[in-house]
Amino acid sequence: MAMERANLLNMAKLSIKGLIESALSFGRTLDSDYPPLQQFFVVMEHCLKHGLKVKKSFLGYNKSLWGPLEMVEKLCPEAGEIAASVRDLPGLKTPLGRARAWLRLALMQKKLADYLRLLITRKDTLSEFYENSAVMLEEEGAVIVGLLVGLNVIDANLCVKGEDLDTQVGVIDFSMYLKNDIDDYRTILDQKNYVEELNRHSTVQGLQGRVESLEKSNSKLIEELAIAKNNIIKLQEENHQLRTENSVILMKAQQRLEIADGDLNCELDTYKQSRQGLDEMYNEARRQLKEECQLRQDVENELVVHVSMKQEMEMAMKLLEKDIHEKQDTLIGLRHQLDEVKAINVEMYQKMQSSDDNMRQKNDMIARLEEKTNQITATMKQLEQRLQDAERERASAEDGVRKFKQDFTNKADSLQKQIAQREKQMMQLETDLKIERDWRQTLQNELERERETIAQLTAEAQQINGLKKEFHRLQDENTQLKGICEEQEQALEELGCKLSEYGGQVWLKDKDATHCKLCEKEFSISRRKHHCRNCGEIFCNSCSDNELPLPASPKPVRVCDTCHALLLQRYSSDGS
């Protein structure tokens, strides 16, 4: 990593020095087509990408410069204008294109050095995006930022809106830096060797594997898009059902209102002159009418909420399609998916066990809630029976009053006393009736709450079933990946046998090795076995993370650290 940082620093020095000298000799405002300016942006992009962490996102793995550059907006309010203008550009679709536009706008403002100085002073913020040995976290980053101060003498007029910044290929052109100076020539050769060494690690087989994995991820995204469309269709059907239920509720409310109006008219005609309780009953009917209107308003509000949910789902579909176009930036971290899938399988198995326990608890809760609802319905039936008995007593009391008026007209005093007693009884019965109605309303509200909780529990149960299906799907994928891994190991063993026949070295079998030969660490699920294609011994990944071409294989293959050093010495001695 120290050699990489030194090479990047030398390239930055050359590009900045060449840009300043050529701009001063050029003697006018620079535009986007100026070659030294283009090479400067390519070198800055390589410096900012060095040591960048791979972050996991919704679509896979993401590794982009836009994350740390976007943090400058929080550190310096003046950078908010650049970030806002970059977000508003219509032609930018990828985070890499936004980062390139941000660099160009900052250079035009002559504040690129100031913004990057603020960024490198916040080590805690940069540690979230970069590794510990990255250029931006070491002294080389401060040196590069100091060199950028010299660019303030340059005037640049760049048209960011018309450029295709998403698909530009950042390749450094060394031809413009070749001069008679021997030191510069040596630094350029070192940089060229560094770039060739980086390109050597990316083989054709690795690129084909990446293309296949990209096709698989693309097919998965298409399946997820189809599932989202099916969910939208289901939401539309549920919206239609809610509308029908709303119309049924409105019809029932109108029927209740008509029945309540008829009852009110009858009671007003009969007890218009001598009953004060009719006013209370009328007020209660008005209150019920207001409650029905409020219920109708609530149903309409729920309908509006469902419509807004439909719009949000459409917006989510658009965002999903946009993320499909941006998935090219998520290709770098796909090599580690096999190990993570195994860890995810273990986590999903644990989650399934916990979800089964939660399912049992929720089933018990549903059973208790059903018993409680049965008790509530029984109490409601008892209350209705008591209400009917009270009405019968009220009717019998009214009949007795009429009989007393017709039969005993001469006994006015006693009749008045009996009527007063009957009226008191009537008032007591009406108050009892009102209390029972309130009690019945509260019981109905509790019943509705219990039904809502039951619906929520059923929804959670459906979610748990979905998690089970996802776990089974991941198990199937794990078995497929294990089969592929076994086939590759068999192919490696066959290749090792052939190499041992041609080269003379002994190809060690997997069952004969339990520890790494170099670091002597024990092999496990996370620490896999790898054969060295030169000596045939078995090593761990960290001790055999090298690739070199061999006489038996013109393409670069895996070799251990010891063979790597010996082969490099042999190739250097042969070349000299």
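None of the values given here were measured: they were computed from a predicted structure. Start at 1 with the first residue, then count along the sequence.
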Exercise for the section: With side chain to side chain contact (heavy atoms under 4.5 Å, CB included) as the test, would you mind laying out the steps for N541 and R528 before giving the verdict? Expected result: CA-CA 7 Å; N541 187 25; R528 304 297 300 274; over 6 Å; no
Heavy atoms only: give me the nearest [X]-[Y] pair and the separation to one decimal.
X	Y	value
H50	A134	O-CB, 3.4 Å
G80	E73	CA-CG, 3.7 Å
L119	P68	CD1-O, 3.6 Å
K123	L137	NZ-O, 3.3 Å
D114	R117	OD1-NH1, 3.1 Å
C540	R527	CB-CG, 3.8 Å

Is there side-chain contact between [X] and [Y], with at least one heavy-atom pair below 4.5 Å?
X	Y	value
M426	E430	yes
N239	L303	yes
Q421	K424	no
Q388	R392	yes
K74	M71	yes
L447	L443	no
L96	W66	no
T479	K482	no

Practice task
Determine yes or no for a side-chain-to-main-chain donor-acceptor pair under 3.5 angstrom, with N301 supplying the side chain and Q297 the backbone.
Solution key: yes
Handout entry: side-chain contact (heavy atoms from CB on, under 4.5 Å) partner of Y115, chosen from L69, L103, I82
Key = I82
Problem - Partner of V86 by side-chain contact (heavy atoms from CB on, under 4.5 Å), out of E81, E70, R98 - result: R98
Do [X] and [Y] sit within salt-bridge range, that is, some charged N less than 4.0 Å from a carboxylate O?
X	Y	value
R386	D389	no
E292	R296	no
K111	E78	yes
R256	E291	no
E477	R473	yes

Atom [atom1] of [X] and atom [atom2] of [Y]: how far apart are they, to the nearest 0.5 Å?
X	Y	atom1	atom2	value
E284	L289	CD	CG	12.5 Å
E238	E245	CD	CD	10.0 Å
Q480	I484	CD	CD1	7.0 Å
Q463	T458	CD	OG1	10.0 Å
L429	R422	CG	CZ	10.5 Å
I464	K469	CD1	NZ	13.5 Å

Handout entry: Stepwise side chain to side chain contact (heavy atoms under 4.5 Å, CB included) test for I249 and K252
Key = CA-CA 5 Å; I249 290 169; K252 289 181 180 180; 5.7 Å; no
Practice task
Determine, step by step, whether W102 and L112 satisfy the side chain to side chain contact (heavy atoms under 4.5 Å, CB included) criterion, reporting the C-alpha distance in whole Å, the side-chain angles of both residues, the deciding distance to 0.1 Å, and the verdict.
Solution key: CA-CA 9 Å; W102 188 91; L112 180 60; 4.1 Å; yes
Handout entry: Heavy atoms of other groups near N132 CG, more than 12 under 6.0 Å
Key = no
Handout entry: Residue pair L75, R122: steps toward the side chain to side chain contact (heavy atoms under 4.5 Å, CB included) verdict
Key = CA-CA 9 Å; L75 301 176; R122 299 296 297 271; 3.0 Å; yes
